[in-house]
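What follows is a set of notes on a single structure, which appears directly below.
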Amino acid sequence: MFDFLKFIETIELIEKDDEYINKSLDLIKDDFHIGKFEIVADNVFNSYSITIDKNYKRKNYFEYSKGDFKYIFYRNSDNYEYTDYDISTINSILRIVSMTHLKYILMKKANDAEYISANTRLPNTHGFIRDTSNVLAINNPINYNVYFINIKGFGLINKLFGQREGDEAIKSYADRLRQFIDKDEVLGHLGGDNFVALIKKNKHLDFIDLVTMCPIEIVKNNNKTKVNLIGVVGYYELSENNGASRDFLSKSSMACQYARSTKKIVVKHTEELEEIVNSVKVIERTFKDELEKGNFIVYYQPKFDIKTGKIIGVEALSRWVNNGKVVPPGMFVPILEKNGEIIDLDLFVLENLCKDIHNYRNMGHNIVPASCNLSRRDFENDDLEKIVINIIRKYNVRTEDIVIEVTETTNIEEKERLARFINTMNENGILTSIDDFGTGYSSLSVLRDFKVSEIKIDRSFINRELLSDSDEIIIGSIIDMAKRLSINVICEGVETKSQAEFLIRLGCNNAQGFLYSKPIPKLEFEEMLQKIGTVYD
Ligand code: C2E
Ligand code: MG
Ligand code: MG
């Protein structure tokens, strides 16, 4: 006699483990001459099939349909005559199997939603924490790094190609990363353009190569476009006792945020970085005091003539010295921009620059034209032009020795305000420069709309590995066009000799970048002036 209760008891356990479908069917296969049992799903779910015996014949089967599924028992013998009792029992069993299975699928889906990111099917935050805990329970954490990756400028891809294409691009990126991951590693997708990964330390360099330079194809209206997705990476090196802790996510995310703020590509989490990030939080309250106390200082980054190797100008960049640590502007400028205090810093830097131009000239050096940066928020002040001109006059600096760097904008009102500023500067003989040129949306129209004296091509254009042939043509023609309009061109972010050679080939001889010099403190800059000299010496 078939033991129904035992069958139900077993199959109920399917909540814990879908193997229990098999186990419970094992109980019935002899009683009812069952060969194979199959669950056929439509394409909504992945097809699902369980075999309990290979020795079956296909033509005799029992079938039951429910929802998107079909449940089939194949008989393993043609000779056996089923009684009415057998058949009604088998039908009941099928119904119970289907019910339990559907319940299982629903639970699995609910569970998935909790642990899996819908777009990429990769673990989400919960899933990543669960999976890393599992991996680190049986592997020594000291062999692992945790990475937090944010795709650079991804908003632009969504804007240019559309949301759906953006999602596809994220999927392609996820697939490339997935192929790299071993069984004892974890890749997660926190949604949007944020990924996390637990990777063995000995694969660090290969992983960085992969995530920071990932060519994918975007298809829109049958047009294929090759795009290089660049992951900005923050990572945290696990130590022996990191296994149980979850703070590796916040630590790697902090490093990634730091990389984004300071426009770096890869940043490792360190104690010092953590101190800087935490200390920055107070700047909102303490800015005015800190400025007064002299804790904001000016660094100088010289600009070079690639051909002669001489200094042709300099850019003033602010730094905050907080508890002996030098904090880069990416960490505090956005905060000051938000609360509108950035103008005080920008005018402070301009004033210091003017003082120094005056002093250096007396010392016999010519570091001009010298530039400083204005934030977009500064233009909310209607008197900005007057204030800037007054500072320049106060220090007896010739107007043509100063370059004001501003950034492009797409906002129409901001555009009009910016045009007014640039025109007034022109009328007063003060030079202006469009900083980070090419990162906005309307680069070329800027040349037409604004009568600037200089454009500074953004460093992302100069990174040769990222350049396609068409990029090269675009930059080449920007340089040509600027020259025809008598606009000076300089490239920022030149880090290698080959990048410098590339620039010469495109007809741009002016460069600023780590190949020549990082931004340095005033005293170091003065030593450099003595040693290298300027083209005007
Ligand atoms: P920016 O005006 O485009 O300045 C150039 C930035 O690029 C500097 O970063 C410099 O260190 C960095 N850089 C120069 N050469 C290279 C290179 O070869 N490779 C790489 N990877 N980076 C290079 P810094 O000093 O951290 O400044 C970042 C940004 O903060 C500046 O970008 C500017 O937009 C803003 N900033 C700095 N000082 C001020 C300020 O006083 N006022 C305002 N409003 N913004 C400022
Ligand atoms: Mg600048
Ligand atoms: Mg720039």
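Numbering of ligands and ligand atoms starts at 1, following listing order. Starting from 1, each residue takes its place in the sequence as its number. No experiment lies behind these values; they were computed from the predicted model shown.
Considering just the N/O/S atoms of Glu315, the one nearest the Mg ion (ligand 2) carries the name OE2.
Taking each of Lys264, Glu495, Arg377 in turn, the one with a heavy atom nearest to atom 21 (N) of ligand 1 proves to be Glu495. Taking all heavy atoms of Glu315, Arg459, Lys263 into account, the minimum distance to atom 12 (C) of ligand 1 is reached by Arg459.
Between Val494 and ligand 1 there is a heavy-atom distance shorter than 4.0 Å. Residue contact annotation: Pro519 has a non-hydrogen atom under 4.0 Å from ligand 1.
Of all protein heavy atoms, the one closest to atom 29 (C) of ligand 1 is Pro329 CG, 4.4 Å. With respect to atom 2 (O) of ligand 1, the closest heavy atom belonging to the protein is Asp435 OD2, 2.8 Å. The single protein non-hydrogen atom nearest to atom 44 (N) of ligand 1 is Asp346 OD1, 3.0 Å, given as residue, atom name and distance.
Residue Gln512 has no N or O atom closer than 3.5 Å to an N or O atom of ligand 1.
The Mg ion (ligand 2) lies at 2.8 Å or more from every N, O or S atom belonging to Ser371.
Counting only protein atoms, the N, O or S atoms lying less than 2.8 Å from the Mg ion (ligand 3) are Asp435 OD1, Asp436 OD1, Glu492 OE1, Glu492 OE2, ordered by chain and residue number.
With hydrogens and angles left out, the side-chain atoms of Tyr360 and Glu526 include a donor and acceptor closer than 3.5 Å.
Remark: atom 32 (O) of ligand 1 lies closer than 4.0 Å to no protein heavy atom.
Glu385 pairs by the salt bridge (charged side-chain N to carboxylate O under 4.0 Å, His left out) definition with Arg417, not counting sequence neighbours. For Asn278, the side-chain contact (heavy atoms from CB on, under 4.5 Å) criterion is met by Met254, Glu274, Lys281, not counting sequence neighbours. With sequence neighbours left out, Lys338 forms a salt bridge (charged side-chain N to carboxylate O under 4.0 Å, His left out) with no residue at all.
Contact annotation: for Glu492 versus ligand 1, heavy atoms closer than 4.0 Å belong to the side chain alone. Heavy atoms of Arg319 found under 4.0 angstrom from ligand 1 belong exclusively to the side chain.
Exactly one of Arg459, Lys263, Arg376 qualifies for a salt bridge (Lys or Arg N to Asp or Glu O under 4.0 Å) with Asp436. That residue is Lys263.
Close contacts of ligand 1 with Val349, meaning ligand atoms under 4.0 Å from a residue heavy atom, involve 41 (O).
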